[in-house]
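Report on one structure; see the data block that follows.
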Amino acid sequence: MRVGLFIPCYVDQFYPNAAIATLQLLEKLGVEVVYPMNQTCCGQPMANSGFEHLTHGCNELFIKNFDGFDYIVAPSGSCVLHIREHLHDEKQEANAETIRHKVWELTSFLTDVLKVEKLDARFPHKVGVHQSCHGQRGLKLSQMSELVAPGFSKPGALLNMVKDIELIQLNRVDECCGFGGTFCVAEEAVSVKVGKDRVGDHISHGAEYITGVDMSCLMHMEGILNREGSKVKVLHIAEILNSSPLTP
């Protein structure tokens, strides 16, 4: 199995440890991973702001970088959902369609493709799980709480394989963090209020760490935590799943 590692631009620039943990975790699980060096933004910020007609260059480059892999994996639900729903190129639409069906968010790749049932990891801390909107409602990584249906969480299932971790229970399990990409710039006040409520739920239940599949959501909450002087930290789920069993 040959996998192309797709790292979102904000992860590359601000949270490289999440990218490194993703690479190391996949390699531990026996996957051959290749990182295309010329990859850049997938085009999601432009599309979300109403300028999808300007993303042709991003689409063309993405196809060039990731054509030919068995799978494409990224530590980001929102970027994966964007590629699945918006990657098009009129000159090579067949290749674009193939890639749309090959791109996977990390936790869904681990549970649905690799069928991971055991992880050699340890993280002795109280952890709150943030279910990001794109991951939950777009990629179906976890059940939506308003549905009368059996509950499930792919990130949660993987975290429960980590030794000594304590997953806290939240009052509102699938509340938005308020980030929303460019929404947090255009609607700053609403974004901050939603973020404070989301952070407050984790803090009130004793979280030492907040984790999730989207570093963008975690970045938004980290900013609020820092401004409030909180000791609670954020950590991408890949970093916890890749944690050493010898961690004190």
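Each residue takes its place number in the sequence, starting with 1.
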Under a single-linkage definition using a 4.5 Å side-chain heavy-atom cutoff for Ile, Leu, Val, Met, Phe, Trp and Tyr, are [X] and [Y] assigned to the same hydrophobic cluster?
X      : Y      : value
Met37  : Ile7   : yes
Val213 : Leu170 : no
Val199 : Val190 : no
Leu5   : Ile99  : yes
Val127 : Val173 : no

Report the residues that fulfil side-chain hydrogen bond (donor to acceptor under 3.5 Å, both in side chains) with [X], sequence neighbours left out, ordered by chain and then residue number.
X      : result
Asn160 : none
Asp112 : Lys154
Asn17  : none

Is any side-chain heavy atom of [X] closer than 4.5 Å to a side-chain heavy atom of [Y]?
X      : Y      : value
Leu114 : Phe109 : yes
Ser244 : Arg122 : no
Gln44  : Leu81  : no

[atom1]-[atom2] distance between [X] and [Y], expressed to the nearest 0.5 angstrom:
X      : Y      : atom1 : atom2 : result
Glu239 : Phe123 : CD    : CZ    : 9.0 Å
Lys231 : Asn226 : NZ    : CG    : 13.5 Å
His125 : Tyr209 : NE2   : OH    : 4.5 Å
Thr111 : Met161 : OG1   : CE    : 8.0 Å
Leu158 : Leu110 : CG    : CG    : 5.5 Å
Thr107 : Leu141 : OG1   : CG    : 4.5 Å

Next item on the list: Indicate, with yes or no, if the rings of Tyr10 and Tyr15 have centres closer together than 6.0 Å.
Entry: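 Judged by ring-centre distance (under 6.0 Å), Tyr10 and Tyr15 do not meet the cut-off.
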Next item on the list: Verify the ring-centre separation between Phe6 and Tyr35: is it less than 6.0 angstrom?
Entry: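 No, the ring of Tyr35 stays outside the 6.0 Å limit from the ring of Phe6, centre to centre.
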Under 3.5 Å, which donor-acceptor pairs do the side chains of residues 54-62 form with other protein atoms, sequence neighbours left out?
unit_1: Thr55; atom_1: OG1; unit_2: Glu52; atom_2: O; d: 2.7
unit_1: Asn59; atom_1: ND2; unit_2: His88; atom_2: O; d: 3.2

Look only at the side chain of [X] and the backbone of [Y], and say whether a donor-acceptor pair between them is shorter than 3.5 Å.
X      : Y      : result
His82  : Gly77  : no
Gln143 : Pro150 : yes
Glu105 : Ser108 : yes
Glu188 : Val185 : no

Could you go through residues 175-182 and list every donor-acceptor pair under 3.5 Å that involves a side-chain atom there, pairing it with any protein atom two or more places apart or in another chain?
unit_1: Glu175; atom_1: OE1; unit_2: Arg172; atom_2: NE; d: 2.6
unit_1: Glu175; atom_1: OE1; unit_2: Arg172; atom_2: NH2; d: 3.2
unit_1: Thr182; atom_1: OG1; unit_2: Ser49; atom_2: OG; d: 3.1

Next item on the list: Please step through side chain to side chain contact (heavy atoms under 4.5 Å, CB included) for the pair Leu235 and Ile210, ending with a clear verdict.
Entry: CA-CA 6 Å; Leu235 208 58; Ile210 302 174; over 6 Å; no
Under 3.5 Å, side-chain donor or acceptor atoms of residues 19-32 against the rest of the protein: list the pairs with distances, not counting sequence neighbours.
unit_1: Thr22; atom_1: OG1; unit_2: Ala18; atom_2: O; d: 2.8
unit_1: Gln24; atom_1: OE1; unit_2: Asn242; atom_2: ND2; d: 2.9
unit_1: Lys28; atom_1: NZ; unit_2: Asn242; atom_2: O; d: 3.3
unit_1: Lys28; atom_1: NZ; unit_2: Asn242; atom_2: OD1; d: 2.9

Minimum heavy-atom separation for [X] and [Y], please, with both atom names.
X      : Y      : result
Ser230 : Ile203 : OG-CD1, 4.1 Å
Ile168 : Gly128 : CG1-CA, 3.5 Å
Gly195 : His220 : CA-NE2, 4.0 Å
Ile83  : Cys42  : CD1-CB, 3.9 Å
Ile224 : Lys196 : CD1-N, 3.6 Å
Leu218 : Thr211 : CD2-C, 3.8 Å

Checklist line | Audit row: Gln131, Ser153, side chain to side chain contact (heavy atoms under 4.5 Å, CB included) steps and yes/no | finding: CA-CA 9 Å; Gln131 310 277 18; Ser153 171; 3.4 Å; yes
Can you pull the salt bridge (charged side-chain N to carboxylate O under 4.0 Å, His left out) pairs that have at least one residue in [range], sequence neighbours excluded?
range            : value
residues 63-72   : none
residues 198-223 : Arg198-Asp201
residues 82-99   : Glu93-Arg100
residues 128-150 : Arg137-Glu146, Arg137-Asp174

Next item on the list: Could you tell me whether His101 atom NE2 has more than 12 heavy atoms of other residues or ligands within 6.0 Å of it?
Entry: no
Note to self: Is it the case that atom CD in Glu228 sees more than 12 heavy atoms from other parts of the structure closer than 6.0 Å?
What the structure shows: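 Result for CD/Glu228: enclosed.
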Note to self: Going by salt bridge (charged side-chain N to carboxylate O under 4.0 Å, His left out), name the residues that satisfy it together with Asp12, two or more places apart in sequence or in a different chain.
What the structure shows: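 Residues passing salt bridge (charged side-chain N to carboxylate O under 4.0 Å, His left out) with Asp12: none at all.
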Note to self: I'd like to check the salt bridge (charged side-chain N to carboxylate O under 4.0 Å, His left out) partners of Lys102; sequence neighbours left out, ordered by chain and number.
What the structure shows: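 For Lys102, no residue satisfies salt bridge (charged side-chain N to carboxylate O under 4.0 Å, His left out) once neighbours in sequence are set aside.
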Next item on the list: Apply the side-chain contact (heavy atoms from CB on, under 4.5 Å) test between Val234 and each candidate in Met215, His130, Met219; give the one that qualifies.
Entry: Met215
Check: In terms of the angle between their ring planes, are Phe66 and Phe69 parallel, tilted or perpendicular, with boundaries placed at 30° and 60°?
Finding: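 Geometry flag for Phe69 against Phe66: tilted rings.
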